[in-house]
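I have placed the structure first, in the form of structure tokens, so that the comments after it can refer back to it.
In what follows, chains are A, B, ... by sequence order, proteins preceding strands, each numbered from 1. In this text, all values refer to a predicted model and were calculated from it rather than measured experimentally.
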Amino acid sequence: MKLNKKQLSAVRYLDGPLLVLAGAGSGKTGVITNKIAYLIVECGISAKRIVALTFTNKAAREMKERVSNQLGSKKARGLHISTFHTLGLKIIRQELKQLSYKKNFSIFDSEDSRSVLTEIMKVELGDESGKAQEVQWAISSWKGQLVSPEQALSQSDDAQAQMAAQLYVRYQAVLRAYNAVDFDDLIYLPVELLRSNLEVLERWQNKVAYLLIDEYQDTNSSQYELIKMLVGPRLALTVVGDDDQSIYAWRGARPENMKHLNDDFPGLKVIKLEQNYRSSGAILKAANTIIANNEHVFEKTLWSDRGFGESLRVIRVKDETHEADTVASELMSHRFKHRTSYNEYAILYRGNYQSRAFEKALREYNIPYHLSGGTSFFSYTEVKDLMAYVRLMVNNDDDAAFLRIVNTPRRDIGASTIEKLANYASIREISLFAACFELGLEQHVSKRALSSLQRFSQWVVESSDRALRSDPVDAVKEMIRSMDYEMWLRDNSATEKAAERKINNVYELTDWMQRISDNSEAEKSLSDLVRHMVLMDILERNEEDSKGDHVQLMTLHAAKGLEFPYVFMVGMEEGLLPHRTSIAEGSIEEERRLAYVGITRAQKNLTFTLASKRKQQGEWTAIEPSRFLSELPEDNLMWEGLGVEVNPEQQQEKGQAHLANLRDMLG
DNA sequence: TGGGGTGATATTTTT
DNA sequence: TATCACCCCA
């Protein structure tokens with residue numbers, strides 16, 4: 001990759017902390033990868049001491065790939081390119097003693113955390129489990145702001161926050177007892193440790209000779225704190241980001257961290273990358289015009305030496321169904337005229353549910369499509385169950401895993417037995433698993449229940465032992481065999497097809513474990529393997545998707561970082577984009593950034609659609625065009641489709657004419 | 001009284 | 001597609 005002047009100066013700047021303000025499509029990842037190469041080759045910094053952080057596994061994977069293509073995998077060896085969470089995990093693993101966790105600790109994903117919370121709430125408040133999600137969100141945002149349970153308690157003034165804070169205290173104690181951490185702890189615990197222990201802090205600061213951060217605008221407070229701790233007085237830091245693409249404020253991202261950099265690092269150098277290599281002039285003009293309506297800390301204007309290209313189109317349609325039909329037929333005829341392939345098109349929308357109508361229309365037109373952001377592999381019940389089995393094998397104190405699978409498949413251990421066991425365990429302050437072995441238990445449960453429990457726990461012991469003694473993946477396979485899991489899945493699926501799918505997922509999971517185990521020299525124990533998996537997602541999926549010739553359907557959020565020659569941005573309506581809750585909250589700027597992200601995904605041509613009515617709460621409601629459309633340069637927009645009034649007959653004629661047209665073209 | 005079945009309803013998502 | 005609320009039946 002050939003760098004322009006600005007990019008080159010960003011790569012070579014080493015005199016202090018650097019903020020690279022990288023507009024959409026300005027080659028920001030290239031700057032990071034080139035800088036890593038530069039640090040190793042020209043500055044002689046050991047690869048082992050360079051850390052680059054991203055937010056997603058995919059971004060980390062791509063970055064690794066690009067660096068090793070550039071340098072050769074030999075020179076790139078030892079580089080630490082990972083997500084924030086993976087780095088956090090690494091710190092925790094190495095500092096277990098300071099943190100007083102045992103080395104077989106579990107990582108809970110959001111669903112595990114929620115079920116822990118639901119349990120706690122059942123005990124503490126009776127039955128308000130419906131609110132578990134809200135409390136979970138509150139705890140997560142506390143942790144993201146480095147607020148400890150005790151601080152949360154003292155800060156909360158209203159009753160509801162007070163309640164949430166008390167649940168936070170309980171929750172954290174329970175995690176400890178389970179020897180488990182949640183996702184937020186992966187950042188929170190390292191930061192707390194680095195803050196409080198000077199020796200540890202210095203050790204880690206010495207490990208990091210240079211730190212690079214991608215998508216900096218997405219950092220939350222705890223991540224920013226981690227960055228500051230690691231950088232230390234050396235100030236060897238490059239962050240790359242674009243405040244105009246900050247679309248995750250609702251998740252705790254703090255775009256103002258961009259501003260804080262200025263205060264926290266007085267010598268901060270700012271380099272702007274404003275040349276765009278992606279989009280036509282018309283698209284850039286639209287992007288610049290719309291985002292100029294936001295307040296800015298750092299001003300920037302994208303430009304390009306590509307031609308102006310085609311005007312942007314706005315198509316008004318009747319309703320949801322008509323919108324999907326229009327997009328499908330526009331896409332068909334465009335593809336035919338320009339001899340393009342399907343994967344050059346993307347349909348972007350605000351909410352996942354909007355995809356339904358498009359899926360239906362695309363199927364009717366026989367257009368292959370791929371929907372991203374569907375159910376992840378790890379949310380399938382059979383995968384979750386199996387992961388719980390493996391977790392319990394590794395960490396017998398993981399009560400969340402125990403509860404999930406103790407009676408799946410059926411082992412005649414019913415709810416009342418579990419309750420008695422839980423009571424017994426909580427009085428003795430031991431885990432459910434440990435309680436199964438206590439002699440005193442027989443006074444509390446029936447003889448039959450006791451023998452079921454003992455059979456189960458004995459079986460877990462055997463599985464655990466096997467995992468320690470023999471190959472971990474073999475041990476998992478043996479465990480699956482010994483409980484006849486496949487048979488159970490067959491018997492408990494609605495259809496043959498569903499059973500096949502589930503069994504397939506089980507194989508996919510074990511194959512995947514095998515692959516990870518084969519690929520890494522460091523991670524050998526089952527304990528490491530399972531933690532690794534919780535943080536990762538199945539790689540193959542993404543790769544498969546980009547290979548196939550499919551139209552891409554996704555949310556505007558999911559589209560960040562991607563680009564497509566031809567883009568349809570649908571549902572350009574008040575209430576949808578900007579979303580009505582954002583209008584109510586007054587957070588229009590974030591919605592505008594979302595529109596900006598959408599617009600800047602397009603390379604050659606961009607089409608907006610909007611319906612004049614949409615079904616809302618079962619009622620057909622008239623719809624206003626999105627305010628963002630009126631912010632776009634007027635002479636740059638071509639309005640098509642329905643006028644103000646809807647004449648169904650005329651519409652039908654038009655549709656038929658279009659179909660005839662299409663038939664002509666296809667011969 | 002509780003659980004399962006049905007129908008309506010929809011911000012955005014990663015780790 | 002998933003969740004949630006509501007209703008009905010046991």
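- Atom C1' of nucleotide C/dT1 and atom OH of A/Tyr349 are separated by 11 Å, given to the nearest angstrom.
- The distance between atom CD of A/Gln217 and atom P of B/dT12, rounded to the nearest whole Å, is 20 Å.
- In this structure, CZ of A/Arg356 is placed 15 Å from P of B/dT9, rounded to the nearest angstrom.
- By the side-chain contact (heavy atoms from CB on, under 4.5 Å) test, A/Arg176 pairs with A/Ser100, A/Tyr101, sequence neighbours left out.
- Taking atom P on both nucleotides, B/dT14 is separated from C/dT3 by 15 Å, rounded to a whole Å.
- Rounded to whole angstrom, the span from the CZ atom of A/Arg593 across to the C1' atom of B/dT12 amounts to 13 Å.
- Every residue two or more places apart in sequence or in another chain that forms a side-chain contact (heavy atoms from CB on, under 4.5 Å) with A/Glu119 is listed here: A/Lys122, A/Leu403.
- In this structure, the CD atom of A/Glu320 is 11 Å from the C1' atom of B/dA10, given to the nearest Å.
- Considering only residues two or more places apart in sequence or on other chains, A/Trp488 meets the ring-ring contact (aromatic ring centres under 6.0 Å, His included) condition with none of them.
- Atom pair A/Gln354:CD and B/dT9:P shows a separation of 17 Å (rounding to whole Å applied).
- Checked against side-chain contact (heavy atoms from CB on, under 4.5 Å), A/Leu562 has the following partners two or more places apart in sequence or in another chain: A/Lys58, A/Met554, A/Phe564.
- Between A/Glu573 atom CD and B/dA10 atom P the separation is 14 Å, expressed in whole Å.
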Write out a two-atom table: protein N or O, nucleotide N or O from nucleotides 13-15 of chain B, distance below 3.5 Å.
{"residue": "B/dT13", "atom": "OP1", "partner": "A/Thr555", "partner atom": "OG1", "Å": "2.6"}
{"residue": "B/dT13", "atom": "OP2", "partner": "A/Asn352", "partner atom": "ND2", "Å": "3.1"}
{"residue": "B/dT13", "atom": "O4'", "partner": "A/Arg251", "partner atom": "NH1", "Å": "3.2"}
{"residue": "B/dT15", "atom": "OP1", "partner": "A/Asn57", "partner atom": "N", "Å": "2.7"}
{"residue": "B/dT15", "atom": "OP1", "partner": "A/Asn57", "partner atom": "ND2", "Å": "3.2"}
{"residue": "B/dT15", "atom": "O4", "partner": "A/Ser110", "partner atom": "OG", "Å": "2.8"}

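- For the OP1/OP2 pair of C/dC4 and a distance below 4.0 Å, the side-chain nitrogens and oxygens of A/Gln133 include at least one atom meeting the criterion.
- Scanning for side-chain contact (heavy atoms from CB on, under 4.5 Å) contacts around A/Asp511 gives A/Arg515, with sequence neighbours left out.
- For the residue pair A/Lys143 / A/Gln172, a side-chain donor-acceptor distance below 3.5 Å is found, with atom types taken as modelled.
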